[in-house]
*Asks:* 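My questions all concern the structure below.
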Number of protein chains: 2
Amino acid sequence: MSRKPRLRSGSGVTMHDVGLAAGVSAITVSRALHSPERVTPALREKILQVVEQLGYVPNRSARQLASARSHTVLVLIPSLSNTVFIDALAGIESVLQPAGYQMLIGNTHYSDSEELALLRAYLQHSPDGLLVTGLQQAEAFSRILQERQLPAVYMMDLSDDGRPCVGLSQEAAGAAMTRHLLQRGRRRIAYLAAQLDERVVKRLQGYRQELTAAGCHDPALEWLNPAPSSMQLGADMLDQLLAAHPDCDAVFCCNDDLAIGAIARCQQRGIAVPGQLAIAGFNDLQAAAWTTPPLSTIATPRFAIGAAAARLLLQQLQGQQETGGSRCLDLGFQLQQRGST
Amino acid sequence: MSRKPRLRSGSGVTMHDVGLAAGVSAITVSRALHSPERVTPALREKILQVVEQLGYVPNRSARQLASARSHTVLVLIPSLSNTVFIDALAGIESVLQPAGYQMLIGNTHYSDSEELALLRAYLQHSPDGLLVTGLQQAEAFSRILQERQLPAVYMMDLSDDGRPCVGLSQEAAGAAMTRHLLQRGRRRIAYLAAQLDERVVKRLQGYRQELTAAGCHDPALEWLNPAPSSMQLGADMLDQLLAAHPDCDAVFCCNDDLAIGAIARCQQRGIAVPGQLAIAGFNDLQAAAWTTPPLSTIATPRFAIGAAAARLLLQQLQGQQETGGSRCLDLGFQLQQRGST
DNA sequence: GTGCCAGATGTTAGCGCTAACAAATCGGCG
DNA sequence: CGCCGATTTGTTAGCGCTAACATCTGGCAC
């Protein structure tokens, strides 16, 4: 009258089974797989053969439970529909995958509270570290990280408080594009923005600085819309802007989506670009090179940012707590001048 | 001389601790959290309070190990940089997240062998089910699914072999667009394709059928390039096509990326669209509405496909093995006629 | 031969949780 | 008043793996 055996997950072959078949104990199998240098080469070879033969698949939960390390990294991004973050994700994947780390993706929908909720939810997986977009999280967020001693690397921006980060100066990039427009002789330069996340605001600050320095800053030319960014919105905002300020001679859009909508609307309305109106975007999405005229924009190294951030995090996880040197990596940006300016 | 306590992962608060503080046993805490109906409301309330107070976070690995269920779904998509799959991903997320399921994302890079390798690697997480893009996997792939009795739902296409799937008839969609071009009076209709995955090939089949039926199929007008799809490639392929076949009067691109490149190149070369050449795309990406002229294309319900596939999988996981009725869901498509045709 | 050390392998226990069974509790009814 | 069944809670064991310690082996110095 023995009790029912439990349901086995996976293939049912355990490390113990492999050991049995290879004539060793389970722990030796574990070592053969995860710290090869602690097992005689011949024995290791034999064990690997048996693993192959039995189709053994290690159980990650058991490993995690026993070792208190999950080999998992939580990645928080504001949106799945914005290519910018997907590119960074690809960069992260390219580093974590080969290193044997699992990537958990959390979509915060640009919301601090959702971000916090996601962090709480994903703590159940006890990630070894975090990759976070941006620097401004809810207060409770940083508290949790601190309590649990969770290492984190921040992406897309540069911090001034010692937190490890990989990105670019959004402010400098905003300033660079504004300077470019000034150099092209524009004086009535508008700033069109949507979504209004921290990066968009920092670009705005760069824009303000340059215009103020040049003596032609006009707050009335700043059009900020908290709605999600889209090409439709770019077109609509352009219409509104021109209706209110027909003398405007350049539009700096906070991202390429808005800019593509704006440029298409100009095309529709017969507004000469850049003759009457220069248009600039931000991010250098693939489509930016294929508008009429092609869009001037700021190219950002998203893939590289993701990859570098992942590498930085892995360094921390592997205990290389290099104390010296700032751990802030500035990967810069590049002004792509095309036909629209 | 007691041994060192093991490193604790997470916060260190266990179910046992919660039970202790609430004056109940660990299993009661487990029940309060996961099967509320098995605990007196008052007690449950108290337990939840203690959970909150102690900041208890359940350990998913332990749960998984003990219950042989991972509450995890593996999602395999061919690419992260193609919006089509990201949209589906968003749909999947919208269903799995609220249901308490974790989504593991595997990027197959359009490769059968990588897909198989990913499946093998992710088996370590013992996913409860799979969401797979397309129907054509390596042979070993299906064998593994069968061996482990892993439920899977296939996305983006329709099967004819009884496998549960959610998508649309790629063939019918290809045919519909071709029919549309024929109705607009075109006779020399080219098919421009890249990446050449199974969906692209099926659209090609639909295209062939319609043209053959109309008596104007010319294999020389099929331009198939295995390289990854991009706007640049679309522009290049258009040039090559027109150099070889100046009499061509319509181009059906297998996706919007190619079409956007092609339409931009026409603009650059002064080729009248649709006057001299009609151009059509596939998928209805956001940018398709903002080219000059706006691109005619086939709108596909990607988000809905992802969501429906996830729901279908959850049904299977929750044991509702409804035997009756096909489990193939055709969510259709819509022809978006715009200025380019 | 003895002692010793380094390296290879094994033993034991326990990570945190839940399935299965066991016990306690309660209300209602003969 | 005691017995029944239903409901609520507890006990026990074990999921598969690995940290820590224990043991074994062989080689080498003296």
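A note on names: the letters A, B, ... follow the listed sequences, proteins ahead of strands, and every chain is numbered from 1. What you are looking at is a predicted structure, and each value in this text was computed from that prediction instead of being measured.
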*Asks:* Does Ser67(A) put a side-chain nitrogen or oxygen below 4.0 Å from OP1 or OP2 of dT18(D)?
*Replies:*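 Checking Ser67(A) against dT18(D): no side-chain N or O falls below 4.0 Å of OP1 or OP2.
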*Asks:* For dG10(D), take OP1 and OP2 only and decide whether either is under 4.0 Å from a side-chain N or O of Thr28(B).
*Replies:*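 Answer yes for this pair, as a side-chain N or O of Thr28(B) is under 4.0 Å from OP1 or OP2.
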*Asks:* Leu65(A) has an atom CG; how far is it from atom P of dG16(C), in whole Å?
*Replies:*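 Result: 7 Å.
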*Asks:* Measure the distance from CD on Glu37(A) to P on dA6(C) and round it to the nearest whole Å.
*Replies:*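 So the CD-P distance, Glu37(A) to dA6(C), works out to 18 Å.
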*Asks:* Tell me yes or no: between the side chains of Ser61(B) and Gln64(A), is some donor less than 3.5 Å from an acceptor?
*Replies:*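 Looking only at side-chain atoms, Gln64(A) and Ser61(B) do form a donor-acceptor pair, the distance falling under 3.5 Å.
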*Asks:* Parallel, tilted or perpendicular: which describes the rings of Tyr101(A) and His71(A), with under 30° parallel and over 60° perpendicular?
*Replies:*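 Rings of Tyr101(A) and His71(A): tilted, 30 to 60°.
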*Asks:* With a 4.5 Å limit on heavy-atom distance, are the side chains of Ile144(B) and Arg120(B) in contact?
*Replies:*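 Sidechains of Arg120(B) and Ile144(B): in contact.
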*Asks:* Grab the CD-P distance between Gln64(B) and dA19(C) for me, whole Å please.
*Replies:*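 Computing the Gln64(B):CD to dA19(C):P distance gives 13 Å.
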*Asks:* Considering only heavy atoms from C-beta outward, does the side chain of Arg69(A) approach that of Arg63(A) to under 4.5 Å?
*Replies:*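 No, too far: nothing below the 4.5 Å cut-off.
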*Asks:* Any carboxylate oxygen within less than 4.0 angstrom of a Lys/Arg side-chain nitrogen, looking at Asp157(A) and Arg199(A)?
*Replies:*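 No, Asp157(A) and Arg199(A) are not salt-bridged.
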*Asks:* Where the side chain of Ile27(A) is defined as all heavy atoms beyond and including C-beta, which of dT11(C), dT9(C), dC15(C) is the nearest nucleotide?
*Replies:*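 Of the options given, the side chain of Ile27(A) lies nearest dT11(C).
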*Asks:* For dC17(D), does OP1 or OP2 lie under 4.0 Å from any side-chain N or O of His16(A)?
*Replies:*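 No, because none of the side-chain N or O atoms of His16(A) sits under 4.0 Å from OP1 or OP2 of dC17(D).
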*Asks:* Thr40(B) has a side chain; which of dT8(D), dT9(C), dC15(D) sits nearest to it?
*Replies:*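 Between dT8(D), dT9(C), dC15(D), the one nearest the side chain of Thr40(B) would be dT8(D).
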*Asks:* Quick check: do Val132(B) and Val153(B) have side-chain heavy atoms less than 4.5 Å from each other?
*Replies:*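 When only atoms from C-beta onward are counted, Val153(B) and Val132(B) do not touch, as no gap falls below 4.5 Å.
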*Asks:* Which one, dT9(C), dC15(D), dC17(D), comes nearest to the side chain of Met15(A)?
*Replies:*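 Closest nucleotide to the Met15(A) side chain: dC17(D).
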*Asks:* Would you mind telling me which of dG10(D), dC17(C), dT18(D) lies closest to the side-chain atoms of Ser30(A)?
*Replies:*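 Nearest to the side-chain atoms of Ser30(A), counting from C-beta on, is dT18(D).
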*Asks:* Please figure out whether Ala26(A) or Arg38(A) has its closest DNA chain D nucleotide nearer the 5' end.
*Replies:*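 So the residue in question is Ala26(A).
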*Asks:* Taking atom C1' of dG16(C) as reference, at what distance in whole Å does atom CG of Leu123(A) sit?
*Replies:*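 Leu123(A) atom CG is separated from dG16(C) atom C1' by 16 Å.
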*Asks:* With side chains defined as the heavy atoms from C-beta onward, is the minimum distance between Leu150(B) and Leu123(B) less than 4.5 Å?
*Replies:*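 SC-SC contact between Leu150(B) and Leu123(B) confirmed.
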*Asks:* Quick one, which residues of residues 42-52 of chain A touch DNA chain D with a heavy atom under 4.0 Å?
*Replies:*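 Result for residues 42-52 of chain A: none.
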*Asks:* Figure out the NE2/C1' separation between His125(A) and dG16(C), and round it to whole Å.
*Replies:*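 Atom-to-atom, His125(A) to dG16(C), this comes out as 15 Å.
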*Asks:* Could you give the CD-to-P distance, from Gln124(B) to dC15(D), as a whole number of Å?
*Replies:*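 Gln124(B) atom CD is separated from dC15(D) atom P by 20 Å.
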*Asks:* Figure out the CZ/P separation between Arg69(B) and dC17(C), and round it to whole Å.
*Replies:*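 One finds 19 Å between P of dC17(C) and CZ of Arg69(B), rounded.
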*Asks:* Counting distance alone, no hydrogens or angles: does the base of dG10(D) have a donor or acceptor under 3.5 Å from a partner atom on the side chain of Arg31(B)?
*Replies:*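 Such a pair is found, so the answer is yes.
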*Asks:* In this structure, how many angstroms lie between the P atom of dG16(D) and the CG atom of Asp17(A), rounded?
*Replies:*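 Taking atom P of dG16(D) as the reference, CG of Asp17(A) is at 9 Å.
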